[in-house]
Amino acid sequence: MIIRCKRIVLFIVFCGLIVALASIIHWRQVAVYTASLDTRPFHLGLVGEINSIEPAKLSNHPESLLASAIYEGLLCFDEEKGEIKPALARKWKYSSDGKSLTLYLRGDVQFHNGKKLTAADVKASWERNLGSLKDWSNVSLFLPIAGCAERLQGKNIDIYGIKVLNEHTLKITLLQPNRVFIYSLGHPLFWVFDSEDNNDPLAGTGPFIFQENKENKKFFLIKNEKYYRGNPHLAGINVQVFPDEQQAMDDYKSGKLDFLDTVPLEEIKKIRKASEYKGLYIEKPILETYSLVFNLNKKPFAGNYYLRRALNYAIDRKKINDEVFGGSCLPAKGAIPTRIPGYSEEMQGYSYKPEKAKELLEEAGYPGGHDLPPLLLTYNSGEAHKMIAEAVAAQLAQLGITVQTQALDWNYYRKQMSSMNMSFFRLGWKADYPHADSFLYSLYHSSQIGNSNFSGYNNPQVNKILESSRAATNEKERNALLRKAEQIVVDDAPCLWLFQKKAAKLLGKDVDSLTIDAMEMIDWYQVELFKPGVNQGGDAVKKKV
C-alpha cells in the first residue's frame, strides 16, 4: 500500500509538471503574438513590397522603414537642431586635415542575440554591406573610404581604410577631405548587425527584435528590453504589407491600423477638409525631388543652356502640382530642397514666366519653337508620371515646342538611365543623407557621371566649389559654398526642376510621440500608445500603455 500511494503521488506531481510546462509554453506563444499580457502591439500599415530587410538590400521606403526598427547606425541627424548626434557611437573626431574620422563606440550596446557590440562588428557589417549591395547607385557612399574601390575591383578583401583601433574605437581614412561624410553614417548601408549571427535576418541593435515573417506580407517585432536608450514604449509592432493603397486606406478607416504610411492621392484633399482627421493627418516636406533631366551630351540640349533655361521658365509647377498631386508637393525652384543644411530662401531659381521663356527660346535659336525637333520625354511607367509628362508636353506646346512622351518598364528604364541613352527623362532623387551635398555632389559633380550624375553635367568651377565645401571646417562656410555651387548649377540648368515631395501619413487615435523626419523615417523608440481607462469620476480617459 505504501509503495502504491507513492506512485500515485509521483503521478500527480508528474501531471502537475506537464500542465505547468504546457502553461509556460502557451504563455511564451502568447508573448510572441501579443507582446505582453496587458498591452497590445502597434499596428503598422505599409504599401508596396517587402523583399528584404537586410540593410544592403533595401530597395524602397517600406523596407527601410521596417528595417529601421531593427537596425541603426553609429550617428543620426537631429532635425530640430540641424546637426549630427550620437547613436551607437558616443562621440567622433576628425583629423585636422579632414581626411580621417575616429569614432568612439558606446560600451553598453548589445545585439539582439546578447552579443556585445564592438568596433570589429562595425567593420564586418560595412564590408558585408559593400559586398552585397543590391542598388549599385549607392556604391558612391562607400567610395570616399580608402580601400573601397580596391574591394569592389576584387583586389583586396579587407577595406584598409576602416581600421579597428581597439574594442570600441574605429578609424576611417578618407581619400579626400570630407567633413560631410559623417552625415552618411545614418544611411542603411552603414547600419550595424552581427555578421556572425546564424539567423535570418541578422541580429541588430535597434529598439525592436524581429520575431516573425509570414510570406513577406505580415511581420511581427517585439521590443528590445535591453536597448541601450531604455525600454521602448511599444510592446511590439505588427506590420501589414498591402499591395494596394486603397485597401490599406480601408483598413485604416475601419480602425485596424495605428499608422498608415501611404495615403492615396485621391484621398488627400478630402482628408485635409474632414474634421475627423484633425491631428491625425501628417503632411511634411521630405528630402525627395522630382525633376526632368536633360542629357547634356545629346542634342538639342548639349551646349545650349538658353534652351534648358527656357524650358524651366515655361512650366507652371503649381498647376501641375494641384492637378496631379492634389497640392501635396512643393513646387521646386532649384536643385536643393527645403529643410536641409545648405538650402537658401534667397535663391530665386525658376518660376512660371512664359514671356521670359519665349525670349530665351529665341536666344536659343528656336523662335516660337521653329526648327526645334520634337523632344522625346521618357519616364518609367506609372499613372502619375504619365500625367506629369502629358501636362509638361501640353504647357510646352504653348511655346510651339512639340513633346512626345514614352513610358518604359522600370528595370529597362533604369538601365537606359545608367547608360545615359535617353535625352530628356524623369528622375526622382531621395537624399542619401540629410545634407545639400547629397543633391549637389551626387547629381552634379563630374566624378559621379555614370553613377548618379545622369545629365553628364561637368563644370570645373562647380567641382572645385563642392570639393572645397567638403573640406570646410565649419558648417557656415560649407553652406555658403554649397549655395554658391547651387546658383551656378541652376544657371546652367542641367535639369527641369519640378517638385519636392511631401510625406502624407495618417495616425491612429491612440498614437502619441510619433514624428516623421525629413528622411521620411520614424524614431521607433519614442513612439507610444494610449489605452482606454476610467478615472475616479467614472469618465473615460486615455493613458499611456
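A donor atom on one side chain and an acceptor atom on the other are not found under 3.5 Å apart for Asp251 and His43. Using modelled atom types, one finds no donor on one side chain facing an acceptor on the other under 3.5 Å when comparing Thr118 with Glu167. Side chain to side chain, Thr338 and Gln500 meet the donor-acceptor criterion of an N or O pair below 3.5 Å. A side-chain donor-acceptor contact under 3.5 Å links Asp194 and Asn113. Using modelled atom types, one finds a donor on one side chain and an acceptor on the other under 3.5 Å when comparing Glu72 with Thr205. In summary, the side chains of Asn138 and Ser140 do not present any donor paired with an acceptor at a separation below 3.5 Å, with no hydrogens or angles considered.
For Lys171, the NZ atom sits in a loose shell: 12 or fewer heavy atoms of surrounding residues, nucleotides or ligands are nearer than 6.0 Å. Counting non-hydrogen atoms of neighbouring residues, nucleotides and ligands closer than 6.0 angstrom, the NZ atom of Lys284 exceeds 12 such neighbours. Around CD of Glu80, the count of heavy atoms belonging to other residues, nucleotides or ligands within 6.0 Å does not exceed 12. Counted within 6.0 Å of NZ on Lys333, heavy atoms from surrounding residues, nucleotides or ligands total more than 12; the atom is thus considered enclosed. No more than 12 heavy atoms of other residues, nucleotides or ligands sit less than 6.0 Å from atom NZ of Lys226. In the displayed structure, Lys253 atom NZ is contacted under 6.0 Å by more than 12 heavy atoms of other residues, nucleotides or ligands. Within a 6.0 Å radius of CG in Asp409, more than 12 heavy atoms belonging to other residues, nucleotides or ligands are found.
Residues meeting the side chain to side chain contact (heavy atoms under 4.5 Å, CB included) test with Glu49, sequence neighbours left out: Asn51.
Between the side chain of Thr405 and the backbone N or O of Glu390 there is no donor-acceptor pair closer than 3.5 Å. Between the Asn224 side chain and the Gly206 main chain, a donor and an acceptor come within less than 3.5 Å of each other. Although no hydrogens or angles enter the test, the distance criterion places no donor-acceptor pair under 3.5 Å between the side chain of Ser442 and the main chain of Phe439.
Here the two rings, on Tyr379 and Tyr413, have centers that are 6.0 Å apart or farther.
Ring geometry for Phe325 versus Tyr290: interplanar angle over 60°, hence perpendicular rather than tilted (30 to 60°). Between Trp191 and Tyr71, the two ring planes are parallel [angle under 30°; tilted spans 30° to 60°]. Using the six-membered ring where Trp is involved, Phe190 and Phe142 have ring planes that are tilted, between 30° and 60° apart.
The shortest distance between side-chain heavy atoms of Val527 and Phe259 does not fall below 4.5 Å. Side-chain contact between Arg470 and His445: absent, with no pair of heavy atoms (C-beta onward) separated by less than 4.5 Å.
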Item to complete: Tell me, with the steps shown, if Lys123 and Asp158 meet salt bridge (charged side-chain N to carboxylate O under 4.0 Å, His left out).
Response: CA-CA 9 Å; Lys123 178 178 171 70; Asp158 175 69; 2.8 Å; yes
Worksheet item: For Glu54 and Arg128, what are the C-alpha separation, side-chain angles and deciding distance, and is it a salt bridge (charged side-chain N to carboxylate O under 4.0 Å, His left out)?
Response: CA-CA 11 Å; Glu54 184 176 332; Arg128 177 179 171 126; 3.6 Å; yes
